[in-house]
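To keep things clear, I will list the structure first and then write my remarks on it.
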Amino acid sequence: MILPDDPKYAVKKVHVYVREIVDNELGFKQVSLSCPAKTKVYLFVSNEKMIVGCLVAESIKQAFRVLSEPGAVPSSGQDALQHHRAWRCSTEPEPAICGISRIWVFGPKRRKGIARHMVDTVRSTFMYGCYLSTNEIAFSDPTPDGKLFATKYCQTPNFLVYNFIYNN
Ligand code: COA
């Protein structure tokens, strides 16, 4: 875990790493970190001493619940992609504490529980002395992978999101 008060060289190195590796792989321009002084970065280091997972968490005050999508799932191609990209959420804000600004796991190491482990760690360390519930954490503008993960992790498709670009 890298905290804002850690030595400058460490904070700088990790932020460069996040920009160059994680943001690049997320495949689209992410919203820049609103307040780097309030972010905690978690790195998952493998037995081979490689960074194979990264999570950036920030303080937030509110988030919005993803609404379930009624209707059939388009079967293939661009439609399916659009379907997974798009989601709707409630216009009613709910109080929340921790925003997951970015979560990324190295391709060959996916589906081994690394993201789950990182989010568990955030929940127990983000706020001193308390274990955050899944109703107190939110995901920033989730990708299709992120949506599948969050639905499973929070045990509901109606998990909390924040930081999205509003599109009516
Ligand atoms: N498809 C379907 N279910 C998925 C999934 C996927 N791509 N990724 C995770 N899940 C669900 C599964 O139910 C999984 O449990 P299982 O493997 O026992 O079935 C559960 O979530 C836990 O997954 P976990 O192994 O902890 O996730 P991961 O380490 O593979 O990391 C991501 C998940 C999203 C971080 C990873 O796919 C990733 O880095 N994607 C690219 C970056 C990205 O899109 N980040 C999300 C930004 S919001």
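Order of listing sets the numbers, starting from 1, for every ligand and every atom in it.
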Inset, instruction - Output every pair passing ring pair (Phe, Tyr, Trp, His ring centres under 6.0 Å) with a member in residues 98-142, not counting sequence neighbours, ordered by first then second residue. - result: Phe44-His117, Phe139-Phe159

Inset, instruction - Kindly write out the residues that satisfy side-chain contact (heavy atoms from CB on, under 4.5 Å) with Met127, not counting sequence neighbours, or none if the list is empty. - result: Ile97, Cys130, Leu132

Legend entry - Atom-level proximity to ligand 1, residues with heavy atom under 4.0 Å: Leu26, Ile103, Trp104, Val105, Arg110, Arg111, Lys112, Gly113, Ile114, Ala115, Arg116, Pro142, Thr143, Asp145, Gly146, Leu148, Phe149, Lys152

Return a table of donor-acceptor pairs under 3.5 angstrom between the side chains of residues 1-14 and protein atoms on other chains or two or more places apart.
from : atom 1 : to   : atom 2 : distance (Å)
Asp6 : OD2    : Leu3 : N      : 2.8

Legend entry - Side-chain heavy-atom pair Leu55, Arg102 within 4.5 angstrom cut-off: no

Legend entry - Student check: side-chain heavy atoms of Tyr42 and Val56 closer than 4.5 Å: no

Inset, instruction - May I ask you to check whether Asp23 and Tyr17 show a side-chain donor-acceptor distance below 3.5 Å? - result: no

